[in-house]
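Both ligands and their constituent atoms are indexed starting at 1 by order of listing. Every value quoted in this text rests on a predicted model; they were computed, and no experiment measured them.
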Amino acid sequence: MKIWLYLSISIISFFALNTAQAAGDAEAGKAKAASCAACHGVDGNSINPEWPKLAGQHEGYIVKQLYYFGDGERDNSTMKGMVANLSEQDSQDIAAYYASQTPTIGAADPELVEFGERIYRAGNPQSGVAPCMGCHGPKGAGNPAANYPALRGQHAKYIENQMHGFASGNRVNENAKKMMQILASRMTNREIRAVSSYIQGLH
Ligand code: HEC
Ligand code: HEC
């Protein structure tokens, strides 16, 4: 029994480690990210709340999103243009650079923080909304091995836009189809606003 448990844990850790291992070169990525800085900020902390912060986001998740923008699975005309000339290596290097940066943390709206925290930590059992914490982590750090993105400190406006995108089916892909789309479509506007505000201050 014990041997099997030990073996499975070793195998799981081996794969987790491998997935999390950096494939990109952050130093090279810094130069390649020059054309992204106007919107996402030099260090990946954007100013405009409609443009996501990329600082501290997981490398694998960023690479995946760039790929989705390119093949149109995630439909956004600005980003489609931006990835058109990126090679796979470029994407990996840029992703490694942003992953190595530190996200700035905003503040939650005091009026919404309590309700937002409840949704984040406990979900809404009545309507079948799973706790965000279960996948995105108690502090919003996400889970790189499972490709669950970090959310901490992200602009509330951007989060809100994505939640509505998932709910309406505008943002569709792979995992999101099953997890985020179903979940977001069960949420009220007030729940989305509150949890987005809470995430902006989460760290
Ligand atoms: C003109 C502004 C602009 C520029 C320049 C730009 N982006 Fe974006 N980016 C956006 C917007 C807006 C979104 C949100 C799209 C959406 O709502 O789906 C976005 C989304 C992203 C996302 C998804 C983030 C997430 O959390 O899912 C990544 C990754 C990204 N951009 C990387 C890049 C890279 C790499 C470059 C440079 C090669 C770049 N962007 C250049 C505006 C820009
Ligand atoms: C069962 C796991 C799971 C749960 C629970 C979950 N998420 Fe997610 N979430 C994901 C996955 C997987 C993705 C990545 C989807 C993709 O690749 O586009 C994601 C993506 C997101 C994104 C897009 C991030 C970005 O940078 O664009 C937001 C916002 C988000 N989730 C918010 C939430 C909120 C708010 C809750 C709770 C109400 C929640 N999630 C609960 C798995 C989950």
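- In P149, the part holding a heavy atom less than 4.0 Å from any atom of ligand 2 is the side chain.
- With a heavy-atom cut-off of 4.0 Å, Y61 touches ligand 2 through its side chain alone.
- Heavy atoms of N76 approach ligand 1 to within less than 4.0 angstrom.
- Using a cut-off of 2.8 Å, one finds that Y148 contributes no N/O/S atom close to atom 8 (Fe) of ligand 2.
- Among the atoms of C36, no N, O or S atom is found under 2.8 Å from atom 8 (Fe) of ligand 1.
- Residue Y158 has at least one nitrogen or oxygen atom sitting less than 3.5 Å from a nitrogen or oxygen atom of ligand 2, judged on distance alone.
- In terms of N/O distances under 3.5 Å, ligand 2 is not approached by N147.
- At a 4.0 Å heavy-atom cut-off, ligand 2 touches R171 through the side chain alone.
- Contact of the C39 side chain with the N48 side chain is not registered, since no non-hydrogen atoms from C-beta on lie closer than 4.5 Å.
- With ligand atoms numbered from 1 in the order given, ligand 1 contributes 5 (C), 38 (C) to contacts under 4.0 Å with heavy atoms of S35.
- Counting backbone and side-chain atoms alike, H136 contributes an N/O/S atom closer than 2.8 Å to atom 8 (Fe) of ligand 2.
- Annotation for A99 and H58: closest pair CB-C, 4.5 Å, computed over non-hydrogen atoms.
- Residue contacts to atom 8 (Fe) of ligand 1: M79 brings an N, O or S atom closer than 2.8 Å.
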